[in-house]
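What follows is a set of notes on a single structure, which appears directly below.
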2 protein chains.
Amino acid sequence: MRYTNNIHMGITRADLFTAEQNHIANIIKALGHPARIAIIEYLLKVNVCICSDIVEELPLAQSTISQHLKELKNAGLIKGNIEGTSICYCIDEKTFGFLKNYFGGIMVNTQNQKCC
Amino acid sequence: MRYTNNIHMGITRADLFTAEQNHIANIIKALGHPARIAIIEYLLKVNVCICSDIVEELPLAQSTISQHLKELKNAGLIKGNIEGTSICYCIDEKTFGFLKNYFGGIMVNTQNQKCC
DNA sequence: TTTGTATATCGCAATATTACGATTAATTAT
DNA sequence: ATAATTAATCGTAATATTGCGATATACAAA
């Protein structure tokens with residue numbers, strides 16, 4: 001199977017892979033940035049916080065932090081609830097449980113495999 | 001803390017985060033693409049294979065598959081050993097174990113956290 | 001009503017990523 | 001020696017991502 005037209009550069013074509021593969025890749029991709037790892041680790045430490053707390057914690061502009069929070073939220077890695085004038089963010093343990101299971105499953109499959 | 005010069009766009013500045021945060025982000029980023037998820041899942045199924053097997057399995061050109069394999073190998077997610085004229089690839093269970101532990105640790109921290 | 005606080009969105013610039021075909025390099029078979 | 005096979009690398013084009021400042025929005029306080 002190959003592309004049927006000339007438009008084939010630079011874009012990840014979701015229709016070439018299974019829905020499950022695209023789904024797991026999207027979640028993992030959202031975590032694949034040091035700023036977003038730092039946000040997750042900060043959330044683990046403080047349990048719950050608002051955006052401006054993270055802006056104080058990390059060396060990035062407010063708009064950049066907001067963007068990263070949006071990506072984490074879209075991927076289901078964090079939850080954000082409106083609380084007065086600010087938004088209360090926390091880890092979404094459901095998605096992290098999914099990731100833990102995914103990697104746990106890989107480890108089970110890999111056990112007593114002999115490699116080249 | 002802010003950037004001290006004007007060069008600040010589009011680049012992820014590794015020096016802004018801890019070595020550990022950059023390390024985990026790099027590994028996770030390498031997995032954050034459906035083609036690379038598909039390669040890993042194929043390797044889990046067949047245990048061991050060569051590049052041309054994957055080229056037959058996935059709807060991508062040989063050069064593209066080779067590029068993805070390089071990224072997975074650089075991240076320590078797969079191993080590749082020369083075997084005659086071809087290269088034998090397999091999962092590197094060490095790095096997947098690291099990921100499993102990372103997410104396991106997050107789950108432990110998240111347990112009995114009450115969110116907003 | 002105006003001011004302040006908190007966050008999201010817009011527009012832009014620069015770099016990174018993804019994908020291809022073509023080529024190269026290295027090994028094996030004829 | 002030549003041809004075939006396997007995989008990596010190069011060059012290129014297009015899209016995606018990252019980051020900023022500026023602006024917009026929404027609510028609370030004065």
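In what follows, every chain begins at residue 1, and chains take the letters A, B, ... in the order their sequences are listed.
- C:dA8 atom P lies 15 Å from atom CG of A:Leu60, rounded to whole Å.
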Intermediate values then yes/no, ring pair (Phe, Tyr, Trp, His ring centres under 6.0 Å), B:His23 and B:Phe98 | CA-CA 11 Å; B:His23 182 231; B:Phe98 175 74; 5.5 Å; yes
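- For the pair B:Ile54 CD1 and C:dA19 P, the computed distance is 14 Å after rounding to whole Å.
- When the side-chain nitrogen and oxygen atoms of A:Tyr89 are compared with OP1 and OP2 of C:dA6, none of them lie within a distance under 4.0 Å.
- Residues that satisfy the side chain to side chain contact (heavy atoms under 4.5 Å, CB included) test with A:Asn81, not counting sequence neighbours, are A:Lys79, B:Cys116.
- Here D:dT17 is the nucleotide among C:dT18, C:dT7, D:dT17 with the atom lying nearest to any side-chain atom of A:Lys29.
- For B:Ala61, the listed nucleotide lying nearest its side chain is C:dC20; candidates were C:dC20, C:dT18, D:dA7.
- Residues meeting the salt bridge (Lys or Arg N to Asp or Glu O under 4.0 Å) test with B:Glu41, sequence neighbours left out: none.
- Partners of B:Cys90 under the disulfide bond (SG atoms under 2.5 Å apart) rule, at least two apart in sequence or in another chain, are A:Cys115.
- Protein atom CG of A:Asn26 is 17 Å distant from nucleotide atom P of C:dT17, rounded to whole Å.
- B:Cys49 pairs by the disulfide bond (SG atoms under 2.5 Å apart) definition with nothing, not counting sequence neighbours.
- Contact annotation: B:Ser52 reaches the phosphate of D:dA7 (side-chain N/O to OP1 or OP2, under 4.0 Å).
- Of the listed nucleotides (D:dA8, D:dA7, C:dT7), D:dA7 has the atom at the smallest distance from the side chain of B:Ile50.
- Between the CD1 atom of A:Ile87 and the P atom of C:dT7 there is a distance of 7 Å, rounded to whole Å.
- Among residues two or more places apart in sequence or in another chain, the salt bridge (Lys or Arg N to Asp or Glu O under 4.0 Å) test is passed with A:Glu57 by A:Lys45.
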Report each atom pair, protein N/O against N/O of nucleotides 23-30 of chain C, whose distance is under 3.5 angstrom.
none

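- Remark: B:Ser63, B:Ser66, B:Lys70 in residues 63-81 of chain B come within less than 4.0 Å of DNA chain D through at least one heavy atom.
- Remark: P of C:dT5 and CG of A:Asp53 are 15 Å apart, rounded to the nearest angstrom.
- Remark: A:Ile87 engages A:Ile82, A:Tyr89 in a side chain to side chain contact (heavy atoms under 4.5 Å, CB included) (not counting sequence neighbours).
- Out of D:dG19, C:dC20, C:dT18, the shortest distance to the side chain of A:His33 is found at D:dG19.
- For the pair B:Asn22 CG and D:dT18 P, the computed distance is 13 Å after rounding to whole Å.
- Taking the six-membered ring where the residue is Trp, A:Phe17 and B:His33 present perpendicular rings, their angle passing 60° and hence far from 30°.
- B:Lys94 pairs by the salt bridge (Lys or Arg N to Asp or Glu O under 4.0 Å) definition with B:Asp92, not counting sequence neighbours.
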